[in-house]
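For clarity, every value in this text was computed on a predicted model and none was experimentally measured.
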Amino acid sequence: MPIHLSVLGKDLAVIRRDDRRKGWEWHSDTSFLDNPGEPPLLPGGYVFPRRGGASVEDAIAVGLRAHRAAWTLKTVDAEADDVQLLTDGRTLYVLGGTRLRAYPLT
C-alpha cells in the first residue's frame, strides 16, 4: 500500500510504505492538475488522479494491481472544466456542471 501518490503533469508515481522508494509509475496522455490540491481518490482498487481542465475525460481509473488505465469516463457536459470526483468507497460520484453521475465500483 502506498504512502504517497504524486501527480505532476502527466505522471502518477506511487511511493511504497516499507522503503519509501518509488513503487510504480503511470503515464497519461492527459495532463493532471499541476497545483497542490486534493490527493487522488483510492476507492475500489483504483486510483483516480485529478484531471486538468483541458481533459476530455471526467475520470480515469488506474488499476492498483495492473498499474494501467482500466477505464475512463468521457466528458458529457459543455461546462466540464469544473469536475469534482467524490466517493463513499463503493461508488464514484462525478459532479460536473449541473449533472451528478454515480458509478458503482464493486
Side-chain angles (χ1 to χ4, degrees):
M1 181 58 102
I3 60 165
H4 182 70
L5 293 165
S6 178
V7 176
L8 180 61
K10 295 182 178 185
D11 298 332
L12 169 73
V14 176
I15 310 301
R16 295 187 305 243
R17 177 186 304 171
D18 55 350
D19 59 6
R20 290 180 168 67
R21 294 182 188 263
K22 187 177 358 177
W24 54 273
E25 268 187 327
W26 177 74
H27 305 285
S28 173
D29 296 332
T30 303
S31 292
F32 300 115
L33 295 177
D34 287 331
N35 58 343
E38 297 180 34
L41 296 176
L42 290 165
Y46 301 102
V47 59
F48 292 91
R50 306 293 181 170
R51 66 171 202 54
S55 176
V56 295
E57 290 95 7
D58 282 343
I60 302 169
V62 179
L64 290 175
R65 291 186 184 189
H67 309 155
R68 61 180 162 214
W71 47 269
T72 61
L73 297 175
K74 299 293 183 184
T75 300
V76 296
D77 286 317
E79 65 259 14
D81 283 345
D82 186 26
V83 173
Q84 296 179 38
L85 302 179
L86 310 161
T87 185
D88 62 6
R90 295 172 296 156
T91 306
L92 176 70
Y93 300 96
V94 180
L95 177 60
T98 59
R99 296 180 193 223
L100 174 64
R101 296 178 287 158
Y103 299 93
L105 297 172
T106 56

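A heavy-atom distance below 4.5 Å is found between the side chains of Leu92 and Leu73. With a 4.5 Å cut-off on side-chain heavy atoms, Thr91 and Leu105 do not count as touching. Between Val83 and Val94 the shortest side-chain heavy-atom distance falls below 4.5 Å.
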Intermediate values then yes/no, side chain to side chain contact (heavy atoms under 4.5 Å, CB included), Ile60 and Trp26:
CA-CA 12 Å; Ile60 302 169; Trp26 177 74; 3.6 Å; yes
Trp71 vs Phe48, ring pair (Phe, Tyr, Trp, His ring centres under 6.0 Å): CA-CA, chis, key distance, verdict
CA-CA 10 Å; Trp71 47 269; Phe48 292 91; 5.6 Å; yes
Compile the donor-acceptor pairs under 3.5 Å between side chains in residues 61-70 and protein atoms, sequence neighbours left out, one pair per line.
unit_1: His67; atom_1: NE2; unit_2: Trp24; atom_2: NE1; d: 3.2
unit_1: His67; atom_1: NE2; unit_2: Leu64; atom_2: O; d: 3.1

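Put simply, the side chain of Thr72 never gets that close to the backbone of Lys74: no donor and acceptor are under 3.5 Å apart.
Interatomic distance, CZ of Arg99 versus CZ of Arg101, reported as 7.5 Å (0.5 Å rounding).
Nearest approach of Leu85 to Ala59, heavy atoms of both residues: CD2-CB, 4.0 Å.
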